[in-house]
Enquirer: 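Below you'll find the structure I mean.
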There are 2 protein chains.
Amino acid sequence: MAGHVSDAVIRRLPGYYRHLRELEAAGVTAISSQELGERMHLTPSQIRQDINCFGGFGRQGYGYKVADLKGHIGEILGLTQEHRLIILGAGNIGCAVAQYPTFSREGFRTIALFDTQENKVGRCLGDIPVLHMDTLETFVRENVVDIAVLALPKRNAQEALDHLYEYGVRAIWNFAPADLNHPDDMLVVNVHLSDSLQQLSYRMAHREHP
Amino acid sequence: MAGHVSDAVIRRLPGYYRHLRELEAAGVTAISSQELGERMHLTPSQIRQDINCFGGFGRQGYGYKVADLKGHIGEILGLTQEHRLIILGAGNIGCAVAQYPTFSREGFRTIALFDTQENKVGRCLGDIPVLHMDTLETFVRENVVDIAVLALPKRNAQEALDHLYEYGVRAIWNFAPADLNHPDDMLVVNVHLSDSLQQLSYRMAHREHP
DNA sequence: CATGTATTGCCAATTATATCACAATCCGGG
DNA sequence: CCCGGATTGTGATATAATTGGCAATACATG
């Protein structure tokens, strides 16, 4: 199992996790691929195949135990270990990420925000301090930082990434609307809000019944 | 041409648009599929095939005219017509969307935010008013609203969607971390920030060289 | 205006992804 | 403890997406 997992499967994993959490919260203890498929708008076959990339978590004639499966998928997603984040840019997006309620439940802990604007530096969001961008290097070298979130203007994003690499950060969650260049041993996942909105626009322009 | 365009192509279109805009800004007037492919990390073949879904915009022995191609793709994406947005939820995400700089350039115009918290209602973000959620129905019935952005807590999202449908809105850009039920003639595009961060976590947990 | 070169458009081949079908097997009830 | 009904795990098949290859053709040059 887990020989090679395709991108398509990885994209669906968080969806499984989300639905399983909801089912667990609703008190459902077991579910079949049939039922889960109806819920998620996927075929039962696809669900069984996806889950089987990682091993046989189900039981014939019964289905999957919700709590077990959620646990396994959480582990596969790496949510059992804590991730320490810093956020570059304390604007709306940076603050939104810092305060997003579900992240902390999933092991993502924001330890600091960074900004250049003097009126933002020194404040706190909850218990997260907003530090000056000039102190970034020292901070990163003296603290464990697993992920850096880029929530700053496009023009500063590439330079910030280059510095972060130099200081040792190897994973980036990027909100700047640009495809940043990065070394092979650095992971970059883009959010690209604009792309998502443009997809909606495309579908509106091309839907059959207007 | 344009018989049926696959999801995979639609997902890539905004990327083409973004890169073409950058090229145009950089003063590049023409580009080959080869060069564009290197820039975007796609094969030249794929680029030619993608673009050909919509017609032959290129010229043999020469490549594509950047401005022309950008214009065509903008049109295909529906960016030539204005879209009027309302945003439900004036928290960090709602405000981030309202003030996101590139949206207005692409024809997306936010005309109002809605919230239930009294201390937010009555203020403005730039020239966009924050109105009380109770006035949503009246507002939507009296104004043209093309897209509603859901930037409110998960527990309120489904109900909000149902109301919006009733009032006549037929396109939703959803930031709530839930897969909302919706009628067939309503378009819903999800952002699901958590999914994106979990994908990063997955890749961190499974990368070869730690 | 003729010629060589670069590059598209497009069809074929390959690879990836999703679905189907069914044997293996586990649960629950009697 | 055994049997019936349900549901998984999985190999085979179908469908979709990507890449390769090449003829057609437009541009640039002299």
Enquirer: I need the minimum non-hydrogen distance between Leu152(A) and Ala157(A), along with the two atoms involved.
Expert: CD1-CA, 3.6 Å
Enquirer: Pair Val130(A), Phe114(A) - check side chain to side chain contact (heavy atoms under 4.5 Å, CB included), show working.
Expert: CA-CA 6 Å; Val130(A) 182; Phe114(A) 292 87; over 6 Å; no
Enquirer: A cation-pi test, strictly: NZ or CZ of Arg170(B) under 6.0 Å from the centre of the six-membered ring of Tyr165(B) and no more than 45 degrees from its axis. Yes or no?
Expert: yes
Enquirer: Of the non-hydrogen atoms in Gly89(A) and Leu113(A), which two are nearest, and what is the gap between them?
Expert: O-CD2, 4.1 Å
Enquirer: Shortest non-hydrogen contact from Ala178(A) to Asn190(A)?
Expert: O-OD1, 4.0 Å
Enquirer: For residues 27-49 of chain A, which residues have at least one heavy atom under 4.0 Å from DNA chain D?
Expert: Ser32(A), Ser33(A), Arg48(A)
Enquirer: In whole Å, what is the span from the NE2 atom of His4(B) to the C1' atom of dT15(D)?
Expert: 13 Å
Enquirer: Take the protein atom CZ of Arg11(B) and the nucleotide atom P of dA16(D), then report the distance between them rounded to whole Å.
Expert: 15 Å
Enquirer: Would you mind classifying the nucleic acid contact of Arg12(A) as base, sugar-phosphate or nothing, using non-hydrogen atoms under 4.0 angstrom?
Expert: sugar-phosphate
Enquirer: Just to be sure I understand the geometry, which residues of residues 58-67 of chain A put a non-hydrogen atom under 4.0 Å away from DNA chain D?
Expert: Gly58(A), Arg59(A), Gln60(A), Gly61(A), Tyr62(A), Gly63(A), Tyr64(A)
Enquirer: Starting from P on dT18(D), measure out to CG on Asp50(B) and report it in whole angstrom.
Expert: 7 Å
Enquirer: May I ask you to test the Arg84(B)-Thr110(B) pair for a side-chain heavy-atom distance under 4.5 Å?
Expert: no
Enquirer: Give me the atom names and distance for the closest heavy-atom approach of Asp115(A) to Ala90(A).
Expert: OD2-N, 2.7 Å
Enquirer: Examine Tyr100(A) together with Trp173(A) and report whether their ring centres are nearer than 6.0 Å.
Expert: no
Enquirer: Can you tell me if the side-chain N/O atoms of Ser6(A) get under 4.0 Å from OP1 or OP2 in dA16(C)?
Expert: no
